[in-house]
Enquirer: 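Below is one structure. I have some questions about it.
The first residue of the sequence shown is numbered 1, and numbering continues consecutively from there. In this text, all values refer to a predicted model and were calculated from it rather than measured experimentally.
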Amino acid sequence: MFTIGDFARYGRVSPRMLRHYDAIGLLRPDRTDPATGYRLYGAAQLARLNRIIALKDLGFTLQQVGAVLDEQVGPEELRGMLRLRRAELAEAAAAATARLARVEARLRSIESEGRMPADDVVIKTVPAVRVAELTGTAASYQPEDIGPVIGPLYERLFPLLEGAGVRPTGPGIARYEDEPGGGGGIVVHAGVTVSGPVGAVGDTGVRVVELPPFEAATIVHRGAMDDVLPAANTLARWLEANGYRSTGYAREVNLECPPDRERWVTELQEPVAKV
């Protein structure tokens with residue numbers, strides 16, 4: 001017979017853990033000295049302890065370990081449990097690999113620029129949103145072409161919504177797409193979040209549309225939109241370094257729009273997919 005200290009040493013566990021296993025009925029001592037209360041274990045119990053350790057190492061809970069050891073789980077159910085655990089471990093490994101790639105990309109950025117990047121890129125799922133918007137066409141996606149189009153659209157949008165009794169419920173959202181027919185222009189949508197029904201807003205030219213959710217790489221730009229190119233370039237470099245590709249133009253969400261445009265805060269949300 002082994003004392004709890006000796007048994008713990010042979011089994012490579014702590015006496016405290018053995019007391020816990022006893023308390024939950026997972027591994028009870030072979031006998032307990034009635035005079036001293038000392039727990040005593042038999043050599044044959046090392047096999048059960050080894051199985052407990054092995055199953056715990058696979059990621060099973062103590063409750064699941066007990067069910068397996070007491071044969072409350074059949075072979076088919078055990079196979080199912082192991083397949084599920086394999087899938088969980090594969091998902092965790094993929095997440096760790098992606099995190100490692102981001103760490104390496106951040107290190108490369110610090111080494112090339114000699115400083116910590118001030119703007120962080122975050123991958124997230126952008127939820128569906130309903131917007132009221134006006135649409136125009138710009139000659140290109142360059143800021144000097146977008147600005148003269150989107151500014152007047154927003155100047156018209158808010159008075160039209162107020163006249164129609166439609167109240168914004170969230171931030172402004174600007175989005176872009178290629179002009180149909182391959183003309184080379186850019187269709188500009190100047191919108192704002194609303195809760196009204198989908199469709200035309202009277203005869204104002206404003207339409208309420210439901211934008212679907214999408215996976216996006218996001219970065220926050222601080223300052224006037226005429227100076228957005230550095231943030232856009234940072235986003236593009238991050239995508240290349242982290243194994244993503246852009247699947248469309250970045251959406252612009254106006255988080256803060258004070259009169260001083262240099263104090264604007266805008267989130268760029270670029271739709272992406274894994275390479």
Side-chain angles (χ1 to χ4, degrees), residues 91 94-95 97-99 101-102 104-106 109 117-147 149-150 153-154 157 168-195 198 207-257 264-275:
E91 183 178 354
T97 299
R99 189 173 296 112
R102 293 196 294 272
E104 291 175 343
R106 179 59 61 91
S109 178
D119 298 309
D120 288 312
V121 176
V122 175
I123 297 292
K124 64 183 180 183
T125 299
V126 177
V129 63
R130 186 167 294 185
V131 298
E133 60 183 25
L134 285 173
T135 301
T137 303
S140 77
Y141 192 55
Q142 297 300 314
E144 59 267 25
D145 290 326
I146 296 294
V149 175
I150 199 167
L153 288 176
Y154 271 117
L157 177 64
T169 58
I173 297 178
R175 59 190 184 94
Y176 309 91
E177 57 189 345
D178 291 324
E179 187 179 18
I186 299 295
V187 179
V188 179
H189 301 272
V192 64
T193 309
V194 296
S195 59
V198 171
R207 291 196 62 83
V208 175
V209 297
E210 184 86 19
L211 303 181
F214 67 100
E215 195 78 1
T218 66
I219 189 171
V220 175
H221 166 64
R222 294 170 175 82
M225 292 306 293
D226 290 342
D227 302 322
V228 74
L229 283 181
N233 290 338
T234 297
L235 185 55
R237 289 195 299 268
W238 189 95
L239 295 181
E240 182 178 9
N242 288 273
Y244 286 88
R245 62 179 178 85
S246 173
T247 60
Y249 293 105
R251 187 183 293 181
E252 299 162 2
V253 180
N254 309 124
L255 303 177
E256 295 180 16
C257 296
W264 281 12
V265 179
T266 306
E267 183 179 66
L268 306 183
Q269 300 174 343
E270 184 150 351
V272 294
K274 263 297 195 179
V275 175

Enquirer: His221 versus Glu252: any side-chain heavy-atom pair under 4.5 Å?
Expert: no
Enquirer: What closest approach, in Å, do Glu179 and Val187 show between heavy atoms, and which atom pair accounts for it?
Expert: CA-CG2, 3.8 Å
Enquirer: Using only atom types and a distance under 3.5 Å, with no angle test, would you say the side chain of Tyr141 pairs donor to acceptor with the backbone of Glu177?
Expert: no
Enquirer: Considering all heavy atoms of both residues, which atom of Ala132 and which atom of Val194 are nearest to each other, and what is their separation?
Expert: N-CG2, 3.7 Å
Enquirer: State, to 0.1 Å, how close Ala128 and Glu210 come at their nearest heavy-atom pair, and which atoms those are.
Expert: CB-OE2, 3.9 Å
Enquirer: Is any side-chain heavy atom of Tyr176 less than 4.5 Å from a side-chain heavy atom of Ile150?
Expert: yes
Enquirer: Can you measure from OH (Tyr249) to CZ (Arg175) and round to the nearest 0.5 angstrom?
Expert: 13.5 Å
Enquirer: So which of Thr193, Val198, Thr169 actually passes side-chain contact (heavy atoms from CB on, under 4.5 Å) with Arg130?
Expert: Val198
Enquirer: So, taking the atom named CG in Asp120 and the one named OG1 in Thr218, what distance separates them when rounded to the nearest 0.5 Å?
Expert: 9.5 Å
Enquirer: Please report the C-alpha distance between Leu153 and Val188 in whole Å, then the side-chain angles of each, then the deciding distance to 0.1 Å, and finally whether the side-chain contact (heavy atoms from CB on, under 4.5 Å) criterion is met.
Expert: CA-CA 9 Å; Leu153 288 176; Val188 179; 4.1 Å; yes
Enquirer: Look up atom CD in Glu270 and atom CD1 in Ile219, then write down how far apart they are to the nearest 0.5 Å.
Expert: 10.5 Å
Enquirer: Please report the interatomic distance CG(Leu211) to CD(Glu133), rounded to the nearest 0.5 Å.
Expert: 6.5 Å
Enquirer: Once you round to the nearest 0.5 Å, how far does CZ of Arg207 lie from OG1 of Thr135?
Expert: 9.5 Å
Enquirer: So which atom in Ile173 and which in Asn254 form the shortest heavy-atom distance, rounded to 0.1 Å?
Expert: N-OD1, 4.2 Å
Enquirer: Is there a side-chain contact between Val121 and Leu235 (heavy atoms, below 4.5 Å)?
Expert: yes
Enquirer: I need the minimum non-hydrogen distance between Val192 and Gly170, along with the two atoms involved.
Expert: CG2-O, 3.6 Å
Enquirer: Within a radius of less than 6.0 Å around CD of Glu240, do more than 12 heavy atoms belonging to other residues, nucleotides or ligands occur?
Expert: no
Enquirer: Show the nearest heavy-atom pair for residues Ile146 and Ser140, with the distance to one decimal.
Expert: CD1-O, 3.4 Å
Enquirer: Are any non-hydrogen side-chain atoms of Ile186 and Asp178 less than 4.5 angstrom apart?
Expert: yes
Enquirer: Less than 4.5 Å apart, any side-chain heavy atom of Val272 and any of Ile123?
Expert: yes
Enquirer: Quick check for you: to the nearest 0.5 Å, what is the distance between Leu268 atom CG and Arg251 atom CZ?
Expert: 12.5 Å
